[in-house]
Amino acid sequence: MSALGNIIKKEIKELLTPATILPIVILALIYGTMGSSIAGIQEQSQEPPIIGVIDEDDSTFSTNVVNILNESAKVMFNSSSVFDKQKGLEELKQKNGVALIVIPSNFTENILNKQSGQIEIYWIMKGAGVLDTISSNLVDFLITDINTNISLELIQENSSTNATNATFILSPTKRVETTYLKDREIPGLSPTVIMSMLSSQSIMTPIIMMMIIIMSGGIVITSMALEKENKTLETLLTLPVKRTSIVTGKIVAAATIGLILAVIYMIGMNNYFQGFGVSQSGINLADYGLVLSSPQEFLLVGISLFVTLIAGLALCMLLGTFAKNFKSAQTLTFPIVALAMIPMFITMFADYDTLPMGLKIFTFAIPFSHPMMATRALLFGDYLMVIAGIIYVSIFAIIIIAVVVWVFKTDRIITGTTKFSLNKIFKKKKLSK
Amino acid sequence: MIAVEVKNLVKHYGKVQAVRGISFSIDKGEIFGLIGPNGAGKTTALRIISTLLTLTDGSINVMGFNLEKKPEEVRKIMSYLPEDAGAYKNLTGEGYLEFIANFFNPKTVRNMVAKGVQIADLGERINDKVDTYSKGMKRRLLVGRALMTDPRLAILDEPTSGLDVNNAQEVRNIIKSTAKKGTTVLLSSHNMLEVEYMCDRIALIDEGLIVEKGRPIDLMKKYNAKNIEEVFMKVVKK
C-alpha cells in the first residue's frame, strides 16, 4: 500500500466511528419522518379549498362568482341570507373550511353603476405557520380570478361605448376581509398579511433560541471533555465533594452564562416586538393583540427559556460524559444542534395546533420546542400550553440530572463504559443469601 | 494499627479481569508499594481504593471506614495522585492549590496552600498559569497538592513519573518525611529501585494477582537477588 493510501486508510478508520455515524443516521431518520409528515400536510393543503358561499345578490355577476367558486373549490355551505353567516362559519370550522364568502345584495347593481362590487371574505385561519396559509392562498387566487373575469366581461360590454373608466374596470370588485384566528376576530387583515407579520417572529425566535442552546450546551460538553483531556476529573472525583455538587456546580455555572444570554435575548426580543408594534403597512399589531405586552407573558417566556436551558445543559452534561477529549466533544454537540433544529423548522413552517397528532407528540417531547412555541402560544392566549411545557421540561431536567449524577457514581465517568450488569445484581443477591 | 485492609479485591471490566482477588494490609505510617509491569492491575487497584472505581467483589477498609458504604468519609482522609494527572490550565499554581484547599476545612485553607507551595517549590513561578509549566513543574505542583492536606492515607500512582533525577529524589524525600509524620502511603511504581529505596513493604503484582509480598530486604534474601527487579523476574518466571 502506498504512503498516501496508508494515511487515508488510517484517517478513515479513526474518523469513521459509531460516535460519528450514529448521530447522523438518527438525524437522517428524524428528518425523513419529519419530511414525510410535512409533505402530508402540504398535499392536504393543496387539495381544492373548502369554502362556504352566501349569495344575497343572486344576479348576473354574483352568479358568475358562484360558478367560478363551485368550479375550483369545494363549496360545503350555501345560503342566500347573510343571517346564516354565523351558522356557515361554525359549519366550515367543523369541516376544515378556509373561508366564507359573502356576496351582498347590491353586488351586481353596484358594478353596473360603475361602483366596486363588495365581496366579504371571512377567513378561518387554523394556524400561523407558512404551511397553514396554503389553502387560503388558493382562495386568494380565486378571488383575483373572479375580479379578472368580471373585468373581461365589463371590457367586452363597454368596448364600443368609449365610456370606460379604466381604474374601475381593472378592479371592479372590492374585498372586505375579516380573519378568525384561534377564536380571535381580526377585522381588515387577511391570513397572508397576518402570516407575513408573524413570520418574522416565527423565524427569529427559534433561531435566537437555538443559538443560546448551542452556545451554552457547547460550554458544558467542552468543560467535561477538558476535565477528561487535562486529566483533572480523577482528582476532582477523589476530593471530599459530593457528585451531585460537581454536576450541579457545572450546570449552574453554564446556566448562569445561559441566563445572561437569555436576558440579552429578552431585552432584544422586547425591542424587537416594540419595533413591530407599527408595521410598514401601517398595521398596528398591538391593536389586534398580536404582540406580547404584559410582564407576566415575558416572565413566562423567560421561565420557559430558563428551564429549557437547564434541561438542555443536563442533556449536554450527559453527552459530555461520553466525551474523551476536546475533539470528540465537538461531535457530541451535534445531537443537541439537531434536537434544537427540528422544532425550529417545525415552528417556522407550521403551527403546533395544526400538526398531525404524531408530530405534535414528537414536537412536545423535544424540550427545546417549548420556548420556541411559547411566544406564539402566548400571543393567542394559550397559557395552558406554555405552563404545561414548563412543567414537562422541568420534570425532564430533573430526570436527566438524576441520570447524570448516577453516571458520575459509576465507572463510566472514568472508563467510558458502564456495565449495568444483571449478573452482578444476581450475584450480589446470591452472596447475600 | 492497620490503616488499609484489602480483602480478595476483584475488578472486571466486562470480560477483562483486571484484578483477580488481591489481599493486603498496610500499617499506619507505612509506605507500601504495589509493584508490577504495565497492565498488571496496579492503577486499577489504586483507583478502587481512592473511590474512583467500584469493586466487583471483595472488601476494602480504610482507617476503619468500609469503602463501599462510606466513600465520602474515605475521601475526607485520603489524597490520590493519579499517574497522568493534570491541573486546571487557566489557574495559577497557587490558584490551583487554593481551589483544592477550599474543599477542606475553611479554617485551614491558608496553611494548606502555604504547605502546598512549599512542597511544590516552584519559586516565583507558583504565580504563573499552570499552562506555562513544564511536565516536571506540573508534577511537583500535583505532589504538593496531594500532600498539602495532611492526608491520613496518600495514594500515589507513579509519583515521580516525568521528573528528572534531582526532582525525583526530592519528591521521594518529601514522601518519606510525610510518612514519618504519620501519613500512610500506598504507591505504585515501575521503578523497582525507587521502590526498594522508599517502601517499607511491597507487593509484587502480575496479571491481576499478588505474586509475592514482604519487606524488600527479606524478599531479596529469600530469592537470593541483588535488587527487587531481580526478585520480580525470579518470581514471575516461577
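Residue numbers start from 1 in every chain, and the chains themselves are labelled A, B, ... in the order their sequence lines are given, proteins ahead of strands.
With a 4.5 Å cut-off on side-chain heavy atoms, B:L52 and A:T238 count as touching. When side chains are defined from C-beta on, B:R75 does not count as touching A:L237, because their heavy atoms never get closer than 4.5 Å.
For the options B:M78, B:K89, B:E73, heavy-atom pairs under 4.5 Å to chain A are most numerous at B:K89. With chain A as the partner, the residue from B:S79, B:A146, B:P82 showing the most heavy-atom pairs under 4.5 Å is B:P82. Your options are B:Y88, B:Y80, B:F103, and the one with the most heavy-atom pairs under 4.5 Å with chain A is B:Y88.
For chain B, no part of A:L226 is nearby; none of its heavy atoms comes within less than 4.5 Å. For B:A85, the parts lying under 4.5 angstrom from a heavy atom of chain A are both the backbone and the side chain. In this structure, no portion of A:E229 lies under 4.5 Å from any heavy atom of chain B.
From A:N230, atom CG reaches atom CG of B:D131 across 8.5 Å, with rounding to the nearest 0.5 Å. Note: B:F99 CZ to A:L236 CG = 5.5 Å, rounded to the nearest 0.5 Å. From A:T232, atom OG1 reaches atom CD1 of B:I100 across 9.0 Å, with rounding to the nearest 0.5 Å.
Within 6.0 Å of NZ on B:K115 lie more than 12 heavy atoms contributed by other residues, nucleotides or ligands. Residue B:E72 places its CD atom among more than 12 non-hydrogen atoms of other residues, nucleotides or ligands, all under 6.0 Å distant. Around CD of B:E170, the count of heavy atoms belonging to other residues, nucleotides or ligands within 6.0 Å exceeds 12. Counting non-hydrogen atoms of neighbouring residues, nucleotides and ligands closer than 6.0 angstrom, the NZ atom of B:K7 reaches no more than 12 such neighbours.
Salt-bridge check for A:E234 with B:R47: passed, with a basic side-chain N closer than 4.0 Å to an acidic carboxylate O. A salt bridge links B:K11 with A:D411: at least one charged nitrogen is closer than 4.0 Å to a carboxylate oxygen.
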